[in-house]
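Since the structure comes first, as structure tokens, the remarks are kept for the end.
A quick note: this is a predicted structure, and the numbers were derived from the prediction, not measured. Each residue takes its place number in the sequence, starting with 1.
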Amino acid sequence: MFGKWQKLSSYVGLVFLSVISSLLAELSRDDFGGYPYNPVTIPLIVESIKICLSTFLLFSGRTGPLYTYVAENCELTHFILFAVPAACYFISNTCMFFIVADIGLVRYHVLGNLKVVFSACAMRVLLGRVLVLKQWIAIFLLIFGMVLAQWQSEDEVHPAGNRPRGYILAVMASAASSAGGVYSEKLLKGC
């Protein structure tokens with residue numbers, strides 16, 4: 001359905017937007033480490049724009065194979081279920097601001113790899129996928145690498161913004177994002 005260049009541009013766009021959002025969160029902090037605005041409003045505005053844009057695209061493109069397939073095979077209640085992953089992404093995106101403020105940009109991106117671990121668990125629970133030994137070893141190595149990246153020797157200076165809340169929120173954001181992604185896949189395959 002999608003061409004090679006459309007997929008590639010989607011992947012590049014996703015990576016770009018993921019990186020730029022956390023960079024902008026870091027750059028918009030004030031001198032005291034907080035934000036001069038309410039960080040919850042940014043993901044709320046983004047999710048509102050996405051729902052308006054998606055609704056517009058769905059109803060403006062009433063021709064073509066995708067619309068025909070969706071119109072013939074999917075019910076409105078099925079689309080409403082996509083609010084669950086949207087809520088998961090909203091939680092994850094809101095946590096990003098507080099994580100960056102608490103533990104910094106680099107640790108935020110390192111701990112973002114927890115999404116892979118949570119996705120594997122969610123795929124097992126929600127989709128019934130079984131991981132082979134090689135995949136479990138890869139997950140273990142990923143966790144081991146994240147722990148090593150977070151490890152600090154006693155000689156290192158501990159940054160003032162290294163708060164436990166940031167780590168808790170990083171785990172929560174990764175779990176929410178992973179659950180949202182896997183549940184989206186479940187919904188897409190169910191239609």
Side-chain angles (χ1 to χ4, degrees), residues 10-51 53 82-126 131 135-185:
S10 296
Y11 295 143
V12 169
L14 177 64
V15 170
F16 174 76
L17 292 174
S18 297
V19 171
I20 198 72
S21 63
S22 57
L23 282 173
L24 290 174
E26 174 68 22
L27 293 173
S28 66
R29 290 172 52 191
D30 59 20
D31 294 338
F32 304 108
Y35 296 101
Y37 52 87
N38 185 352
V40 177
T41 58
I42 303 298
L44 186 61
I45 291 169
V46 169
E47 292 301 323
S48 299
I49 290 170
K50 286 194 301 192
I51 198 165
L53 182 61
F82 279 96
V84 173
C88 291
Y89 293 135
F90 174 76
I91 291 168
S92 177
N93 293 338
T94 303
C95 287
M96 175 196 61
F97 289 93
F98 301 105
I99 297 167
V100 169
D102 286 353
I103 63 175
L105 189 60
V106 174
R107 286 194 173 130
Y108 166 73
H109 281 287
V110 169
L111 289 174
N113 290 317
L114 281 172
K115 292 175 189 175
V116 175
V117 177
F118 285 115
S119 292
C121 296
M123 289 176 78
R124 176 70 181 126
V125 171
L126 293 174
L131 298 178
Q135 292 168 319
W136 282 113
I137 291 171
I139 289 172
F140 172 75
L141 289 174
L142 180 66
I143 293 170
F144 184 69
M146 285 188 303
V147 169
L148 283 180
Q150 298 300 312
W151 198 281
Q152 293 181 346
S153 69
E154 294 176 12
D155 299 335
E156 291 184 56
V157 177
H158 296 283
N162 192 6
R163 299 196 305 194
R165 179 184 78 166
Y167 291 102
I168 293 167
L169 289 175
V171 170
M172 191 172 89
S174 294
S177 178
S178 300
V182 173
Y183 189 67
S184 290
E185 183 176 344

Heavy atoms only: give me the nearest [X]-[Y] pair and the separation to one decimal.
| X | Y | result |
| --- | --- | --- |
| Pro85 | Tyr183 | CD-CD2, 3.6 Å |
| Val19 | His109 | CA-CE1, 4.5 Å |
| Ala176 | Ile91 | CB-CG2, 4.1 Å |
| Ser28 | Tyr37 | OG-OH, 2.5 Å |

What is the distance from atom [atom1] of [X] to atom [atom2] of [Y], rounded to the nearest 0.5 Å?
| X | Y | atom1 | atom2 | answer |
| --- | --- | --- | --- | --- |
| Ser22 | Met96 | OG | CE | 6.5 Å |
| Ile137 | Leu142 | CD1 | CG | 13.5 Å |
| Arg163 | Ile99 | CZ | CD1 | 12.5 Å |
| Phe118 | Met172 | CZ | CE | 11.5 Å |
| Leu44 | Ile49 | CG | CD1 | 10.0 Å |

If we only count heavy atoms from C-beta on, is the [X] to [Y] side-chain gap below 4.5 Å?
| X | Y | answer |
| --- | --- | --- |
| Glu26 | Tyr108 | no |
| Asn93 | Val46 | no |
| Ile103 | Leu111 | yes |
| Tyr35 | Val100 | yes |
| Pro43 | Phe97 | yes |
| Pro39 | Phe98 | yes |

So, [X] side chain and [Y] main chain: donor-acceptor pair closer than 3.5 Å or not?
| X | Y | result |
| --- | --- | --- |
| Ser92 | Cys88 | no |
| Thr41 | Asn38 | yes |
| Ser177 | Tyr89 | no |

Partner residues of Arg124 under the salt bridge (charged side-chain N to carboxylate O under 4.0 Å, His left out) criterion, sequence neighbours left out: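 With neighbours one apart ignored, the set is empty.
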Those residues that, when tested against Glu47, pass salt bridge (charged side-chain N to carboxylate O under 4.0 Å, His left out) (two or more places apart):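 For Glu47 the salt bridge (charged side-chain N to carboxylate O under 4.0 Å, His left out) partners, ignoring immediate neighbours, are Lys50.
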Non-neighbouring partners of Leu131 that pass side chain to side chain contact (heavy atoms under 4.5 Å, CB included), sequence neighbours left out: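 Residues passing side chain to side chain contact (heavy atoms under 4.5 Å, CB included) with Leu131: Ala120, Gln135, Trp136, Ile139.
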